[in-house]
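Below you'll find the structure, written out as structure tokens, and then a few comments.
Numbers restart at 1 for each chain; the letters A, B, ... are given by sequence-line order, proteins then strands.
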There are 2 protein chains.
Amino acid sequence: MFQNTSSRYSIDLNQIKSSCATCSLRELCLPVGLNDHEVHVLGEVVSHKRKIQRGGYLHRTGSKFQSLFAIRSGFLKTCVLEEDGRQQVTGFHMTGELLGLDAISTEIHTCDAIALEDSEVCEIPFAKLEEISRAIPSLMHHFHKIMSREIVRDHGVMLLLGSMKAEERLATFLLNLSRRFLMRGYSEFEFNLRMTREEIGSYLGLKLETVSRAFSKLQDENIITVDNKRIQINDIAKLRMKMGNSSCLT
Amino acid sequence: MFQNTSSRYSIDLNQIKSSCATCSLRELCLPVGLNDHEVHVLGEVVSHKRKIQRGGYLHRTGSKFQSLFAIRSGFLKTCVLEEDGRQQVTGFHMTGELLGLDAISTEIHTCDAIALEDSEVCEIPFAKLEEISRAIPSLMHHFHKIMSREIVRDHGVMLLLGSMKAEERLATFLLNLSRRFLMRGYSEFEFNLRMTREEIGSYLGLKLETVSRAFSKLQDENIITVDNKRIQINDIAKLRMKMGNSSCLT
DNA sequence: GCTTTAAATTGATCTGAATCAAAATAAATA
DNA sequence: TATTTATTTTGATTCAGATCAATTTAAAGC
């Protein structure tokens, strides 16, 4: 899992599970081939942990950027504020993901990051990361891949917002969550949403009532079972169909 | 212009205008402080030019990624294809901008890049760029900023698609173009669109008829003058108002 | 030049999602 | 536990933008 063929050194997950550095850096480190020394160097950089309780801010729009944050546990949302007060959720983030990439550009955070459940992150001072990535090319390359992946993800959301209708958006969203839970060893068919209908709506470009109606519709069709925040996927194939055939109709 | 305070070496634009390397790398190189030797090293990497005529592909979805492309002149669009054939435009790109960032992730291009007018690009072999950025930290840092800026840009588009209505989207789009033309030394008040109404619509999540109507509406209000692809901004303040007050109404 | 094809505008109608409104349920707090 | 507050669901209505359709205008090809 998360290993690529070019790895020179395969990290033993069990061995390092208790260490903050490596654990939180699953996405950042594991896939890269690092030797003992390099793992040690990297560990030095990411030693600082931080807990954020539900509802708390990891960072705010406008605050000075110094570090990236690797999510060690928990669940967060990022959102940008419009001048007029309304907020748009730009993403939901879970264990192993990296936050703060948007702030590298201006060294000012361009969004709020808010914990949707008690969470723990590892702080990665960005200047240090750049410094050691000079010494560890595979780390640098992997970091570039992570940034690139974020761009690809955003393009996917743009496609969703630009060309899908409500039900298709929700299906896409649920399948995305499902896959991410699966990747982390949780059930792909049954999970708890950490966010409200309003937050889902904000992310998907829909009003909360529309989100609620789309949930009900999918339930009526026996594709999912909804019990408030608890979601059960009964027919993942049908759910995939829902996602796929937007423009097929035209 | 495009200079930051930490520059150790200020590049003479006139001196290097005829050299492909530096000219095409305005975004990539100029703002970074590089010394003579470093400029030379960088120049070696980006020496390969390529012309694409109107309608031609710079790269296609699914093709192997090896190089980034710095636009030297011209105008391109990038678009992702849905399984069902319809395409969503993810961006319009002009001189000085960098294409291919999305492909670093998987080493496969995730979108098509198509020239909307005869264009010229410089090819930047990505492996080489990573290699020399180890030797030139400021170059590496600037590259990170460019990727980050792309992420910020995408978040802006997500906000647009997720929460603005047609007229606000078009106003935002025109102001964005206006600013980019200004930055490149062209008029911010009068310019030619290189793309069709359909392509604008795809980018903005609207149908071409809606784009056309929004143009007409802005013209009726004497904010812009539209003559097919020729756009004249008559009242930029009012245009900014159009963009800003989406949720103010509610 | 003329002919063909592509692009843009404008009108009429339809529809999906927003909005308004009320009730039901769940979560937080005293 | 009771009370308050936040969240979710569902219904009725409205509206922005999609769709359908017909011209007009511009560009490309012969």
- Query: Just checking B/Gly205: base, sugar-phosphate only, or nothing, at a heavy-atom cut-off of under 4.0 Å?
  - Reply: sugar-phosphate
- Could you check A/Glu221 against A/Lys242 for side chain to side chain contact (heavy atoms under 4.5 Å, CB included), going step by step and ending with a plain yes or no? CA-CA 11 Å; A/Glu221 300 177 80; A/Lys242 283 280 168 193; 3.0 Å; yes
- Base, sugar-phosphate alone, or nothing: which one does A/Arg169 contact when heavy atoms must sit under 4.0 Å apart? nothing
- Item | B/Tyr186 six-ring centre to B/Arg184 NZ/CZ under 6.0 Å and within 45° of normal | no
- Task: Please report, rounded to the nearest Å, how far the P atom of C/dG16 is from the CD atom of A/Glu167.
- Result: 11 Å
Check nucleotides 22-26 of chain C against the protein and report each pair of N or O atoms closer than 3.5 Å, with its distance, or say if there are none.
none

- Overall bend of the helix from C/dG1-D/dC30 to C/dA30-D/dT1 (five pairs an end, 10° steps) is 60°
- Ignoring backbone atoms, establish whether A/Arg54 has a side-chain N or O less than 4.0 Å from OP1 or OP2 of C/dA27. no
- Item | Nucleic acid contacts of residues 209-219 of chain A, taken as heavy-atom distances under 4.0 Å to DNA chain C | A/Glu209, A/Thr210, A/Arg213
- Task: Kindly write out the residues that satisfy ring-ring contact (aromatic ring centres under 6.0 Å, His included) with A/Phe75, not counting sequence neighbours, or none if the list is empty.
- Result: none
- Item | Nucleotide nearest A/Arg197 when distance is taken to its side chain, options D/dT8, D/dG17, C/dA28 | D/dT8
- All salt bridge (charged side-chain N to carboxylate O under 4.0 Å, His left out) counterparts of B/Arg194, not counting sequence neighbours: B/Glu117
- Closest of C/dA18, C/dT9, C/dG16 to the A/Leu206 side chain is C/dA18
- Task: Please confirm whether A/Phe65 and A/Phe126 have ring centers closer than 6.0 angstrom.
- Result: yes
- Item | Whole-Å distance separating the CG atom of B/Leu208 from the P atom of D/dA21 | 15 Å
- Item | Length of the CD-C1' vector between A/Glu198 and C/dA18, whole Å | 14 Å
- Could you pull out all residues at least two apart from B/Ile236 that satisfy side chain to side chain contact (heavy atoms under 4.5 Å, CB included)? B/Leu175, B/Ser178, B/Glu188, B/Phe189, B/Ile233, B/Arg240
